[in-house]
Number of protein chains: 2
Amino acid sequence: MENALRSERSRNAVIQAALTIIGRDGPGRLTLDAIARESGLSKGGLTHQFRTKGAVLQALLEYQIEYFAKFSRDYLQEIDPAQPEPRLVSQIATLREIAVTRQQHSVAFAILGALTDAPDLLSIIIERDTEAIEQIKAEAADPDLALLRWAAARGLALTTLFRICPLSREDRERLFDLLLDDQYWQHRADPPKPGV
Amino acid sequence: MENALRSERSRNAVIQAALTIIGRDGPGRLTLDAIARESGLSKGGLTHQFRTKGAVLQALLEYQIEYFAKFSRDYLQEIDPAQPEPRLVSQIATLREIAVTRQQHSVAFAILGALTDAPDLLSIIIERDTEAIEQIKAEAADPDLALLRWAAARGLALTTLFRICPLSREDRERLFDLLLDDQYWQHRADPPKPGV
DNA sequence: ATATAAAAACAGACTGGACGGTTTGTTTTT
DNA sequence: AAAAACAAACCGTCCAGTCTGTTTTTATAT
């Protein structure tokens with residue numbers, strides 16, 4: 001087998017193994033030895049592909065981010081062209097997906113836990129979001145209202161992710177539906193200020 | 001000195017020491033030995049007061065929660081009586097305080113990090129919030145809109161806490177101001193539905 | 001009050017194990 | 001022949017929790 005392919009296979013195996021362990025045993029049991037065992041690789045092979053545990057976590061995070069970035073892109077693609085704020089809506093829809101997808105919870109924990117030694121692991125998230133925010137602002141009739149809708153979706157997603165959401169499942173779903181509903185916000189948007 | 005007082009002093013010393021360490025060295029350096037050293041207690045004394053590290057974390061979390069609960073109570077006390085949704089507003093104000101207070105960030109990390117082994121440490125947060133949510137719903141003309149305001153504040157607070165907020169400081173402050181501003185939401189609330 | 005036994009608070013050395021990372025050697029690809 | 005990929009034993013450190021004592025407080029009996 002080609003080396004490049006071999007490496008890629010191994011790296012994928014590692015990421016899948018990490019996800020399996022986190023889901024099955026919790027993020028506390030995500031050790032290099034466990035990953036090696038679960039992936040079928042030896043520890044040597046593992047550390048050949050990822051020099052440190054932080055590197056594994058980073059790959060894991062990038063994998064997750066790409067997964068949801070793709071979700072967002074696809075959603076944007078198939079959105080009603082008449083939709084006035086497509087970027088905002090696709091971001092909110094993605095956040096709903098994050099909040100709903102069951103396995104994500106412990107992955108979030110795992111990464112948060114690792115943040116202790118790798119504080120700027122999350123900077124990639126900021127980069128992505130900053131971009132998204134720019135676009136949301138640009139397309140919005142009332143940018144602040146759009147940001148607030150985004151923030152609310154984030155709040156629902158993060159509280160759910162960390163299992164500290166005091167709202168019922170129905171409440172959350174209804175709120176997400178509202179956040180996605182243009183009609184609901186249309187007449188709530190600030191009318192453009194008359195020129196002074 | 002009385003035993004009860006002796007214990008209380010020691011426990012307080014431990015919590016303060018923990019906060020000092022987290023703020024100065026980061027949550028990764030929060031070990032039992034470090035806490036003992038910083039607090040002036042011996043390891044034996046420390047483990048006499050807190051049987052496990054989880055117990056320390058729990059006390060730390062309770063301390064923080066009580067701190068902000070008091071902030072919220074005080075805010076509620078001094079609020080304009082004409083304020084239509086005082087509970088919501090005081091909750092939002094508290095969340096703004098959390099987002100702004102500098103030291104909180106790493107404390108949040110420390111506790112999240114420990115969540116690995118003590119998954120239901122956070123249930124106390126849910127309990128408090130559930131209560132708050134009930135009151136917010138009860139006093140609101142448009143409960144869903146109130147929940148969304150709350151969720152947005154949470155989103156801003158949590159993203160800031162975990163340093164993944166893509167918004168500028170000014171943006172955040174302006175958004176918090178908006179969330180607190182009744183005028184802004186008044187005409188946005190759903191008019192009470194006409195009886196069928 | 002005073003002596004004394006018990007309990008609580010505290011001191012600090014020690015242990016056991018987990019875990020990240022290294023090292024040395026082998027197989028496979030280039 | 002060289003480099004990449006992999007195997008697996010090994011090491012050093014860190015750290016939560018324990019264990020054995022010592023000091024201080026409290027309860028009880030005289």
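Throughout, protein chains are lettered first and strands after them, A, B, ... in sequence-line order, and every chain is numbered starting at 1.
- In this structure, B:L41 reaches the sugar-phosphate backbone alone: every heavy-atom distance under 4.0 Å involves primed, P, OP1 or OP2 atoms, never a base.
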Query - Trace of the side-chain hydrogen bond (donor to acceptor under 3.5 Å, both in side chains) decision for B:S39 with B:Q16 - result: CA-CA 8 Å; B:S39 67; B:Q16 289 309 318; over 6 Å; no
Between the protein and nucleotides 8-11 of chain D, which nitrogen or oxygen pairs come in under 3.5 angstrom?
| residue | atom | partner | partner atom | Å |
| --- | --- | --- | --- | --- |
| D:dA8 | N7 | A:G44 | N | 3.3 |

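- C:dC19 atom C1' lies 13 Å from atom CG of A:L46, rounded to whole Å.
- Considering all non-hydrogen atoms of both residues, B:E139 and B:E85 come closest at OE2-C, 3.3 Å.
- Using a 4.5 Å heavy-atom threshold, the side chains of A:Q91 and A:Y75 count as separate.
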**Report entry** Nucleotide-level pairing of DNA chain D, given in dot-bracket where Watson-Crick and G-U pairs need both distances under 3.5 Å and | marks other strands
**Finding:** ||||||||||||||||||||||||||||||
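- To the nearest angstrom, P of C:dG20 lies 18 Å from CD of A:Q49.
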Check: protein-nucleotides 28-30 of chain C nitrogen or oxygen pairs below 3.5 Å:
| residue | atom | partner | partner atom | Å |
| --- | --- | --- | --- | --- |
| C:dT29 | OP1 | A:M1 | N | 2.7 |
| C:dT30 | OP1 | A:N3 | N | 3.1 |

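- Remark: P of C:dG17 and NZ of B:K53 are 20 Å apart, rounded to the nearest angstrom.
- Checked against a 6.0 Å centroid threshold, the rings of A:Y63 and A:F68 do not count as neighbours.
- For the pair B:L32 CG and D:dA16 C1', the computed distance is 6 Å after rounding to whole Å.
- The separation between B:H48 atom NE2 and D:dT24 atom C1' is 12 Å, rounded to whole Å.
- One atom, CZ of B:R29, and another, P of D:dA16, lie 13 Å apart when rounded to the nearest Å.
- A:W185 places no side-chain N or O within 3.5 Å of a backbone atom of A:A146 that could act as its donor or acceptor partner.
- Here the closest heavy-atom approach between residue A:V89 and residue A:R149 is recorded as CG2-NH2, 4.5 Å.
- Atom CD of B:Q49 sits about 13.0 Å away from atom CZ of B:R9, to the nearest 0.5 Å.
- As a whole-Å value, the separation of B:I35 CD1 from C:dC10 P is 15 Å.
- Rounding to the nearest 0.5 angstrom, the gap separating the CD1 atom in A:I35 from the CG atom in A:L46 is 6.0 Å.
- Note: CG (B:L57) to C1' (D:dA16) measures 12 Å, nearest angstrom.
- Within 6.0 Å of the CZ atom in B:R174, the count of heavy atoms belonging to other residues, nucleotides or ligands exceeds 12.
- At most 12 heavy atoms of other shown residues, nucleotides or ligands fall within 6.0 angstrom of atom CD in B:E131.
- Of the possible polar contacts, one joining the B:T52 side chain to the B:A55 backbone as a donor-acceptor pair under 3.5 Å is found.
- Of the candidate nucleotides C:dG20, D:dG17, C:dC10, C:dC10 has the atom lying nearest to any side-chain atom of B:S10.
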